[in-house]
> 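Here it is: the structure, laid out below.
Values in this document were obtained by computation on a predicted structure and should not be read as measured data. We name chains A, B, ... by the order of the sequence lines, and we start the count at 1 in each one.
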2 protein chains.
Amino acid sequence: MTVQNNEIIACDECKNGGCMIKFCHVDWLAFANEKKTQKLFRKGQHVFLEGNPVFGVFFIQQGKVKVTASNFNGKKQIVRLAGDGHILGHRGYTGETYPIDAFTLEDSCICFFDNQTLYDLFMENPMFSFEMMMFYSKELRKSEQRNKFFAQMTVEEKIIFTLLYMESTFGINALDKAINVTLSRQEIAEIAGTNAEQVSRTITSLNEKGFIRLVGKKILIMDAEGLKKKITRYRIGLL
Amino acid sequence: MTVQNNEIIACDECKNGGCMIKFCHVDWLAFANEKKTQKLFRKGQHVFLEGNPVFGVFFIQQGKVKVTASNFNGKKQIVRLAGDGHILGHRGYTGETYPIDAFTLEDSCICFFDNQTLYDLFMENPMFSFEMMMFYSKELRKSEQRNKFFAQMTVEEKIIFTLLYMESTFGINALDKAINVTLSRQEIAEIAGTNAEQVSRTITSLNEKGFIRLVGKKILIMDAEGLKKKITRYRIGLL
DNA sequence: AATACAACCTGTCTTTTTGCAGAAATTTTT
DNA sequence: AAAAATTTCTGCAAAAAGACAGGTTGTATT
């Protein structure tokens, strides 16, 4: 199922079960629905760019997004992948700007709630605040785990980890059993923190050994257990 | 000023301005105070260990803590340093256990609030929930930044970054201008994601070049600007 | 002061990773 | 269908990082 057109979907009719706005009381849900804006982003568009002022928070109704940060070299790093029901950005302080970029990986329908609306919701909907807090707290733990892994893993391990991360974030295509996202070698390198050559080498080798299978642009995980075993010296809490 | 004894300090008399419990209404603050437990941890003690069940959240009233994660190799990684007013852990789900260890770096006075108490506070104190959410959201961004840096930096850059991180977390001693924490080469390596030998070499070299000065166990940052310039090809948003 | 213990420093060797360059394959454009 | 452009793959040399080992310094204890 892909995003079709720019038709607005009301919050109480939204089929995205993971959206946390749903934790608001019914009348506040209507309020949220009134205040929100919704937009269809085509593949490769930016949702926001580094330096843009933070006016509110984006909720992904349906789609795939990469959050990237670049340094003065121009070297990019993908710091997070986000899918249906995930949040982009955070409620900002006055004058705050994004330290990161967000780009769609495919056509995506994304809702936006401004700072004031969110504040109103937070003040009157404790369950909503609670779930949002738990979301950030969980993402923080995941990020810390990744921090640890990436500080200690070899390049091959990082790439395996990245493939499993891609799978756990976007899932498997029911039809062809491939990872439900297509990233270039360069993009995979930007997640794993290495270069496209290493990714190419490693993926080829994993393919030859039967751990994965390459079908065109698609990557199929053939032996998830075997891959996990290769990085088992790290406790895998988040896969 | 160091922690002296195990005398309990009531929340409304606590001098730690950064503690978020203060965002509760006065009567709820009294409730929190009644429910909390407070304990003096001696240097090197664990606050909690990996695998321990998560019953609540720790608030550091005064002290210094390292949060570490280890893998099956026995290799350790310090994933966060925490000081006065910082939170340790998160509100857990039933049956959840910690994926990390927390150890005190010096004598520390730490308050504990159990899950039910926190839940009650969250439901009735929107400002408290809001601030907690903002805290986690900010820590998440910091962690993502670190993620990016560490994925791309050389060993020397990571060590410089670590020294600046130590300084920004614990500050500078007013008397001798040294970084307000003493970590072994091994511990610094566990933050930077390298080994003690590299840390030793790098620190010696930075000392010779005048960027830092080593006085006994203490490390003095002599040329913060020079150090930052060495890693300026990365946007430094969190120092 | 002597001893023991731990932390720290430094040289050497080995392994891993990177960066470059060109070939091969794939996709897009004409 | 051919040409052009982009992406991916692979070999090789250089650089970076890691592991090991011996020596030094510092601290605590007796």
> Is the shortest distance from a Lys or Arg side-chain nitrogen in A:Asp107 or A:Arg42 to a carboxylate oxygen in the other one below 4.0 Å?
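Judged by the 4.0 Å cut-off on N to carboxylate O distance, A:Asp107 and A:Arg42 do form a salt bridge.
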> Going by atom types alone, do B:Thr97 and B:Asn52 pair a side-chain donor with an acceptor below 3.5 Å?
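There is no such pair between these side chains.
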> Could you tell me the separation between the NZ atom of B:Lys217 and the P atom of D:dT25, rounded to a whole number of Å?
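Computing the B:Lys217:NZ to D:dT25:P distance gives 16 Å.
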> When you measure from every atom of DNA chain D, which of residues 207-215 of chain B have a heavy atom less than 4.0 Å away?
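Result for residues 207-215 of chain B: none.
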> To the nearest Å, give me how far apart CD1 (B:Ile219) and C1' (C:dC8) are.
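From B:Ile219 CD1 to C:dC8 C1': 12 Å.
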> Is the shortest distance from a Lys or Arg side-chain nitrogen in B:Lys64 or B:Glu106 to a carboxylate oxygen in the other one below 4.0 Å?
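Looking at B:Glu106 together with B:Lys64, the answer is yes, because their closest N to O distance falls below 4.0 Å.
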> Centre-to-centre under 6.0 Å for A:Phe113 and A:Phe58, is that the case here?
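That pair fails the under 6.0 Å test.
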> If you take all heavy atoms of A:Phe211 and A:Leu227, which pair is closest and at what distance?
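A:Phe211 and A:Leu227 have their closest heavy atoms at CB-CD2, 3.6 Å.
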> Heavy atoms, side chains only, cut-off 4.5 Å: are B:Val47 and B:Phe103 in contact?
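A side-chain contact is absent here, since even the closest heavy-atom pair is not under 4.5 Å.
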> Could you check how far NZ of A:Lys158 sits from C1' of C:dT18, rounded to whole Å?
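Atom-to-atom, A:Lys158 to C:dT18, this comes out as 12 Å.
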> Check the distance between D:dT8's C1' and A:Glu190's CD and give it to me in whole angstrom.
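After rounding, the reported distance stands at 15 Å.
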> Do any of residues 194-206 of chain A sit with a heavy atom less than 4.0 Å from DNA chain C, and if so which?
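Here the set is A:Thr194, A:Asn195, A:Glu197, A:Gln198, A:Arg201.
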> Taking 4.0 angstrom as the limit, do A:Glu144 and A:Arg141 come out as a salt bridge?
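Looking at A:Arg141 together with A:Glu144, the answer is no, because their closest N to O distance does not fall below 4.0 Å.
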> Atom CD of B:Gln152 and atom C1' of C:dT17: how far apart are they, to the nearest Å?
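My rounded result for the distance is 15 Å.
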> What heavy-atom pair brings A:Gln77 and A:Gly193 nearest, and what distance separates the two atoms?
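In terms of heavy atoms, the two residues are closest at OE1-CA, 3.8 Å.
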> Looking at every non-hydrogen atom in both residues, tell me the closest pair between B:His86 and B:Leu81 and how far apart they are.
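Closest heavy-atom pair between B:His86 and B:Leu81: ND1-O, 4.2 Å.
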> Looking at A:Lys66 and A:Glu187, is any side-chain nitrogen of the basic one under 4.0 Å from a carboxylate oxygen of the acidic one?
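Looking at A:Lys66 together with A:Glu187, the answer is yes, because their closest N to O distance falls below 4.0 Å.
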> Could you state the atom-to-atom distance from CE of B:Met153 to P of C:dT18 in whole Å?
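Whole-Å distance recorded here is 15 Å.
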> Could you tell me whether A:Glu197 and A:Arg185 make a salt bridge, using a distance below 4.0 angstrom between a side-chain N and a carboxylate O?
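Salt bridge between A:Glu197 and A:Arg185, a charged N being under 4.0 Å from a carboxylate O: no.
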> Hey, can you pull the residues of residues 178-187 of chain B with a non-hydrogen atom under 4.0 angstrom from DNA chain C?
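B:Ser184, B:Arg185, in order of number.
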> Round to a whole Å and report the spacing from CD of B:Glu156 to C1' of C:dT17.
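Result: 18 Å.
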